[in-house]
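Order of listing sets the numbers, starting from 1, for every ligand and every atom in it. We count residues from 1, following the sequence as given.
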Amino acid sequence: MKGRFSQPSMADETSGLVRYTDSWLIDVDGRPHQGDFILRPDGDWLRSIGDEDVEFQVDGDGRLLTRAFQNWHTHLAMVLNRSMGEGLPLMRWLEESIFPTEKGLTPEFVEIGTKAAAAELIATGTSFACDMYYHPEVVGEVLAESGLRGIVCGPITDGLTPNFRAGSGDALRHVEGLVRNGSSAPDRVTFGIATHSVYSCTEELLKKAADVSNATGCTLSIHTSETRQEVADCHAEHGMYPIEYLDSIGYFQEGTVCAHCGWVTKREMRILAEHDVHAVHCPVSNQKLATGGTMSYPAMIEAGVDVRLGTDGAASNNALDMRAEMKAASLIQRHDHWDATLLDPVQTYELGVRGSKDWVAWNLNDIRMRPIGRDGRRLLANLIYSNGNCLDMWVDGRPLRRDGKTLTINEKHVFEQLEDTVQTYYAKV
Ligand SMILES: [Zn+2]
């Protein structure tokens, strides 16, 4: 797949600067600016005075620039499972719909599913995913080739995985090899270890993964306290709730990614904060699978936890669009806490773009983005609650999408492959 793209890397060449004229721009602080802007390849922006040596010039009239969204919990290739098993309760959904398809998973299926997911990320304004799925070397290559950023975490459990013997340690050795060798785009794509959950990994395996993370600096990710059953089972077995248990065995490393955190105590929140863990709110997945509990955002913030936002896989969400996730986060937090002041549009935007260095341009000639309002004050709320088409995406000064067309992925080809795979294999199970 190498060498497909004609755009020069930033190491060559050229200024890498992009100029938008007569445009709107909103950085992470949520303040709208209007005028001519320069986007730098390092992610910074400044007002244009018109004489800069730019590589790309865009007529920004009718466009809003925002930071690209960051999706902190995905199983990208599960676009293959999108909309399967609708209406089944959680365990039946897993056992009748998800697990049977994963038994026959091949690297080719993962490549097709991840390409489709990458196309969806770009088309909906997301430039980063923290992924957890099988065949991580394939996922990493697809993200690298598509120009996106990612932390690609290879899954580790004590059970059977599609290509490793149960309990052999082979899966961890394989992922450690990926971590140590790095991806083909090391500045954008790194590998990490996904210890799936406390109920699917033994204490020994969790500790081994933590040791590898400690030695290499790679990211650990784990599903944590997603369901009440998981929390009750952990307490019955260890006398501790999942985050207390993980802390007691020395699991947490700085920057560990904990997905869900729907059923956690305030004591556990303080543990997350102590270790600089990223706690990932996944409100749509939790509601779709009826887990009965979602993260308490204000309590997490009060405890000093770094909260991020994620869709989870397309199977448990039916979408990877972060605007829908931001809207759901805002609504569920207000509803759960009887507090309409929680997660206003600026706070919600900041949650969705936290850590972003990239830019997206949205189409303002779209009724969903109107009215702009005085001084552009309605722009963010429109984007989060009403949406609008993504026209351009810039990562490290490179365009992944221009004028509503993705440049780094052949979407038509991906759609055909996706349909073909689903109809020949996934439809049978
Ligand atoms: Zn997940």
Side-chain angles (χ1 to χ4, degrees), residues 70-85 88-91 93-95 97-99 101-102 105 110 113-114 117 120-121 126 128-136 139 143 150-157 159 161-162 171 175 191-201 206 209 219-231 234 242-243 246 256-264 272 277-295 307-322 324-325 328-329 332:
Q70 312 285 283
N71 191 339
W72 277 85
H73 182 59
T74 61
H75 311 276
L76 291 173
M78 292 187 85
V79 167
L80 289 158
N81 299 78
R82 191 197 325 263
S83 310
M84 282 177 70
L88 292 176
L90 178 59
M91 287 319 291
W93 176 78
L94 282 172
E95 286 166 5
S97 176
I98 303 301
F99 292 157
T101 59
E102 292 187 337
L105 199 70
V110 171
T114 309
E120 183 171 351
L121 294 179
T126 295
F128 164 88
C130 180
D131 196 54
M132 177 191 287
Y133 208 56
Y134 303 114
H135 302 293
V139 177
L143 289 182
I151 303 174
V152 179
C153 299
I156 308 291
T157 76
T161 60
V175 176
F191 290 104
I193 306 172
T195 42
H196 177 269
S197 57
V198 294
Y199 57 85
S200 65
C201 296
L206 292 166
T219 299
L220 284 179
S221 77
I222 185 166
H223 293 111
T224 321
S225 307
E226 180 177 3
T227 66
R228 194 167 57 167
Q229 188 71 47
E230 170 195 337
V231 170
C234 183
I243 291 164
L246 289 168
T256 293
V257 177
C258 286
H260 299 294
C261 302
W263 294 89
V264 295
L272 296 175
V277 165
H278 304 308
V280 186
H281 187 21
C282 304
V284 172
S285 172
N286 296 155
Q287 290 175 88
K288 185 169 187 290
L289 297 177
T291 60
T294 54
M295 179 188 291
V307 177
R308 308 277 168 130
L309 199 58
T311 55
D312 213 347
S316 56
N317 186 313
N318 287 354
L320 301 175
D321 190 330
M322 285 292 289
E325 208 64 35
I332 194 78

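In this structure, a donor-acceptor pair under 3.5 Å is present between the side chains of Thr74 and Asp131. With 3.5 Å as the limit, one finds no donor-acceptor pair spanning the side chains of Asn81 and Glu102.
For the side-chain contact (heavy atoms from CB on, under 4.5 Å) with His260, the lone residue among Asn286, Val280, Thr224 that qualifies is Asn286.
Within the sub-2.8 Å shell of the Zn ion (ligand 1), the protein contributes these N/O/S atoms: His73 NE2, His75 NE2, His223 NE2, Asp312 OD1.
Formation of a donor-acceptor pair under 3.5 Å by the Arg82 side chain with backbone atoms of Ala315 is not found in this model.
For Glu230, there are no salt bridge (charged side-chain N to carboxylate O under 4.0 Å, His left out) partners at least two apart in sequence or on another chain.
Side-chain atoms of Met78 and Asp312, non-hydrogen and from C-beta on, never get closer than 4.5 Å to each other.
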